[in-house]
Amino acid sequence: MLWTHTFIPTLKESPAEAEIASHKLLLRAGLIRKLTGGLYTFLPMGVRVLRKVEKIVREEMNRAGALEVLMPALQPPEIWEKSGRYTTASEVLFKLRDRARKEWLLGPTHEEVITTLVAGEISSYRQLPRNFYQIQTKFRDEIRPRFGLMRAKEFIMKDAYSFDTTDEKAQVSYQKMHDAYTRIFARCGIKAFPVEADTGVIGGKFSHEFMVPAETGENDVVYCDGCRYAANIEKAGSAGPLTATHTAPDDAALEKFPTPGVVTIDALAGAPHFVPAERQLKSLVYLADGKLILVLLRGDDQLNEAKLVAALGTAQVRPATPEEIFPALGAHPGSLGAVGVKNLPVYADPTLANATAMTTGANEDGVHYCNISVARDVQVTQWIDVRTVRAGEACAKCGQPLKIQRAIEVGHIFKLGTKYSEKLEALFLDETGKQQPAVMGCYGIGITRTLQAIIEQSHDKDGIIWPVSVAPYAVCLTPLSITPGGPVMVLAEKLHAELEAAGIDVILDDRDERPGVKFKDSELVGFPIRVGIGEKSLAKGEVELKPRGGTLTAVKVEDIVARVRELVAAAA
RNA sequence: CGGGACGUAGCGUAGCUUGGUAGCGCGUCUGAAUGGGGUUCAGAAGGUCGUGAGUUCAAAUCUCACCGUCCCGACCA
């Protein structure tokens, strides 16, 4: 490819809209342009990288035995009503109407479609297992698109769905995808590691996310160096808080004391009361499927809403408003507590199981209780782990201190079970002639997000550093003079032809630009190998080999094609 | 949805407080010089100052509404 024949609109300065390095570089290197918030056009360099990532994904999915299909992006709402997600996933659904006023929606994912397909086509255990996948544009009405391709309204995803006859066999399918994902991300040249994750609105038994460590990620991963435990913070547990809960026997009677204007944990911890946060009970009122519930945590702990949602198994969970709380408890937020509460279910974190000498709101504005023994004074409906793990807490498995790392989620695999196959009737007859729902798994990779994650993980001050496997072009030939018929250009064109013939993606920078401009651009766009051809070195029969991020070496003209082939082969 | 910031040429920005000819850098075009790290000089094109309404003799500037972009939040009472 000739630089002047393709389209690489590089920018010296990054547009003000871009905040993080990868987003700036996507724009500056001319890979994408924004149409509007959350919607981007891929330019030639961006498309080339996209296709390479897709190719890797296809090869590994095929290798793992999955079959490529292509499902409609436009979907009828009926199948979503069947699965129950028309309601539970409602906020992310783009809905539209046709001229007959019938409603449609743009698919944010395809469990409903594939399960409907399988329901119609698969009827015997002899037809299983199957794993179908596709690479397709998804649509999600994100609350807030951000960071370029990281969170967009429209994005490209690889989604796969496995169907098995038994739970054990489904586990094998799951493991195959786990292995395939590990290979995919390795081949894309990024470090991504699996962590235990919350299944969220997809549902299912358990799941793993593949995470790329990056400070700009939107997830916190809790991990242990001691035993390799790793989990999304939405799921992670630990041996408990850093400071022990007060559990010493304390027979002091429950007592009220006035706390006018004190409505926060911090305020109660300060003058004049000086009740340490860890000796307070944090009482949160939530609305779960329309019913008020009370959630208890230690004052210094943070509620993990994902854990709460998972434990309750309810679809709609949100904090209750003061207007909703007052009639039920008789006080406003800041003076709430669980002591003596019988009209609402009370969910308490196990950290508080034997807590004594605690303080909490008395359900009377401006009044708190002290000397609370949770076991004695609070009627707990259910103990559920709902606290957020903090760095430094002991690993529940091996006791080593846990660490927390920000990360980008690039893949997510789910052990679904029979949630969808039952509702959408993907049933088969087993060996004994008995009808059973297929056991499912589903497996996603954000292709466009992966592309950006690669940049986020692999760049420097000069630009992108593409791994050879996904680079738009592996080699950039940089003639320092473009005089037609001149020795520099003649050699450049010869090398271009030879490298292309060798099956290497090569671009020839034939622009009439000064060397500095060409060097800067090739580094910004991030081609892994640059071959500089100038009169000075050519006089010595040499050209310059400059790996992106490496050092420049002189190579004999007759050796350069072989050297480049070696480098490319070594990277593959 | 709540809070905040911003919207001036393709990109980055000044001007706005105190209303009066819209400026700069990069990029683009023309010419010349230069030719190994975003070179230099000369000239040029390019603007409904986000949109609409209002105040005013006069609005990029003040007021209101709307639209858009970005950031934070949307659990911690």
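Per chain, numbering begins at 1; letters A, B, ... match sequence-line order. Note that the coordinates shown come from a computational prediction; the quantities given were computed from them, not determined experimentally.
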Query raised in the report: Counting any heavy atom closer than 4.0 Å, what does A/Arg28 reach on the DNA or RNA strands: base, sugar-phosphate only, or nothing?
Result: base
**Report entry** Among B/C75, B/C71, B/G36, the nucleotide that comes nearest once only the side chain of A/Leu480 is considered
**Finding:** B/G36
**Report entry** d(NZ, A/Lys546; C1', B/G36) in whole Å
**Finding:** 14 Å
Query raised in the report: Among side-chain atoms of A/Glu542 and A/Ser537, is any donor-acceptor pair under 3.5 angstrom?
Result: no
Query raised in the report: Given the P atoms of B/U8 and B/A60, what is the spacing between them in whole Å?
Result: 15 Å
Query raised in the report: Of all of residues 511-528 of chain A, which get a heavy atom below 4.0 angstrom from RNA chain B, listed by number?
Result: A/Asp512, A/Arg514, A/Pro515, A/Gly516, A/Val517, A/Phe519, A/Lys520, A/Asp521, A/Glu523
Query raised in the report: A/Leu27 near the nucleic acid: base, sugar-phosphate alone, or nothing, with a heavy-atom cut-off under 4.0 Å?
Result: nothing
Query - Separation of atom CD1 in A/Ile32 from atom C1' in B/C11, rounded to whole Å - result: 15 Å
Query raised in the report: Taking CD1 from A/Ile8 and P from B/G27, how many angstroms apart are they, rounded to a whole number?
Result: 18 Å
Query raised in the report: Are the side chain of A/Asp289 and the backbone of A/Val317 linked by a donor-acceptor contact shorter than 3.5 Å?
Result: no
Query - Test item: side-chain donor near acceptor, A/Ser335 and A/His368, under 3.5 Å - result: no
**Report entry** Separation between the C1' atoms of B/G54 and B/U69, rounded to whole Å
**Finding:** 26 Å
Query raised in the report: How do A/Gly534 and A/Val285 order along RNA chain B: which one's closest nucleotide is nearer the 5' end?
Result: A/Gly534
Report task. Say whether, by atom type as modelled, one donor and one acceptor occur between the side chain of A/Lys518 and the main chain of A/Arg511 under 3.5 angstrom. Result -> yes
Query - Opposite nucleotide pairing with B/A58, Watson-Crick or G-U, both atom distances under 3.5 Å - result: none
Report task. Take atom C1' in B/A53 and the same atom in B/G15, then report the distance between them in whole Å. Result -> 25 Å
Query raised in the report: Looking at A/Leu50, A/Ile156, A/Val410, which hits side chain to side chain contact (heavy atoms under 4.5 Å, CB included) with A/Leu451?
Result: A/Leu50
Report summary line: Applying the 3.5 Å cut-off to both distances, the Watson-Crick or G-U partner of B/C75 turns out to be none
Requested in this report: Work out which heavy atom in A/Met1 is nearest to a heavy atom in A/His496; give both atom names and the distance.
Outcome: N-NE2, 2.8 Å
Query raised in the report: When all nucleic acid strands are considered with a 4.0 Å heavy-atom cut-off, which category describes A/Ala18: base, sugar-phosphate, or nothing?
Result: nothing
Query raised in the report: Base, sugar-phosphate, or nothing: which does A/Thr36 touch, judged by heavy atoms less than 4.0 Å apart?
Result: sugar-phosphate
**Report entry** Integer angstrom distance from the C1' of B/G19 to that of B/U34
**Finding:** 48 Å
Query raised in the report: Given atom CZ of A/Arg144 and atom C1' of B/G4, what is their separation to the nearest angstrom?
Result: 11 Å
Query raised in the report: Less than 3.5 Å between a donor and an acceptor, one on the side chain of A/Glu535 and one on the base of B/G36, is that the case here?
Result: no
Requested in this report: Check the distance between B/C70's P and A/His23's NE2 and give it to me in whole angstrom.
Outcome: 8 Å
Report task. Considering only atom P, compute the distance from B/A22 to B/G31 and round it to an integer number of Å. Result -> 31 Å
Report task. Among the candidates B/G38, B/G36, B/C71, find the nucleotide nearest to the side-chain atoms of A/Thr10. Result -> B/G38
Query raised in the report: With a 3.5 Å cut-off and no angle check, do the side chains of A/Ser283 and A/Thr360 form a donor-acceptor pair?
Result: yes
Query raised in the report: Can you check whether A/Arg151's main-chain N or O pairs, donor with acceptor, with A/Arg146's side chain at less than 3.5 Å?
Result: no
Query - For B/C29, the Watson-Crick or wobble counterpart (both distances under 3.5 Å) - result: B/G43
Query raised in the report: According to a strict under-4.0 Å criterion, is A/Ser481 in side-chain N/O contact with OP1 or OP2 of B/G35?
Result: no
Query raised in the report: Under 3.5 Å, is there a donor-acceptor pair between the side chain of A/Arg548 and the main chain of A/Gly463?
Result: yes
Query raised in the report: Contact class for A/Val295 vs. all strands (heavy atom < 4.0 Å): base, sugar-phosphate, or nothing?
Result: nothing
Query - Rounded interatomic separation in angstrom, taking CD from A/Glu13 and C1' from B/U28 - result: 15 Å
Report task. Could you tell me the separation between the NZ atom of A/Lys461 and the P atom of B/G37, rounded to a whole number of Å? Result -> 15 Å
Requested in this report: Please determine if a side-chain N or O atom of A/Arg146 lies less than 4.0 Å away from the OP1 or OP2 oxygen of B/C71.
Outcome: no
Requested in this report: Measure the spacing between CG of A/Leu303 and NZ of A/Lys307 and express it to the nearest 0.5 Å.
Outcome: 9.5 Å
Query - B/G20 versus B/C64 - spacing of their C1' atoms, nearest Å - result: 24 Å
Requested in this report: Would you classify A/Ala320 as touching base, sugar-phosphate or nothing, given that sugar-phosphate means primed atoms plus P, OP1 and OP2, and contacts are heavy atoms under 4.0 Å?
Outcome: base
Query raised in the report: When all nucleic acid strands are considered with a 4.0 Å heavy-atom cut-off, which category describes A/Phe147: base, sugar-phosphate, or nothing?
Result: sugar-phosphate
**Report entry** Base paired to B/C66 (Watson-Crick or G-U; both N/O distances under 3.5 angstrom)
**Finding:** B/G50
Report task. Provide the distance between the two P atoms, one in B/U61 and one in B/G52, to the nearest whole Å. Result -> 12 Å
Requested in this report: Would you kindly give the CD-to-C1' distance between A/Glu17 and B/G12, to the nearest whole Å?
Outcome: 12 Å
Query raised in the report: Where does the angle between the aromatic ring planes of A/Phe527 and A/Trp3 fall among parallel (under 30°), tilted (30 to 60°) and perpendicular (over 60°)?
Result: perpendicular
Requested in this report: Could you measure between the two C1' atoms, the one in B/A59 and the one in B/U48, and give it in whole Å?
Outcome: 14 Å
Report task. Could you check which nucleotide pairs with B/G19 in any of the strands shown, counting Watson-Crick or G-U wobble with both distances under 3.5 Å? Result -> none
Requested in this report: May I ask you to say what A/Leu11 touches in the nucleic acid, namely base, sugar-phosphate or nothing, with a heavy-atom cut-off under 4.0 Å?
Outcome: nothing
Query raised in the report: So what does A/Gly334 hit on the nucleic acid, given a heavy-atom distance under 4.0 Å: a base, only sugar-phosphate, or nothing?
Result: sugar-phosphate
Query raised in the report: Is any N or O donor-acceptor pair between the side chain of A/Arg530 and the base of B/G37 shorter than 3.5 Å?
Result: yes
Requested in this report: Report the base-pairing partner of B/G36 (Watson-Crick or G-U wobble, both distances below 3.5 angstrom), or none.
Outcome: none
Query raised in the report: Of the nucleotides B/G36, B/C26, B/C72, which one has an atom closest to the side chain of A/Lys12?
Result: B/C26
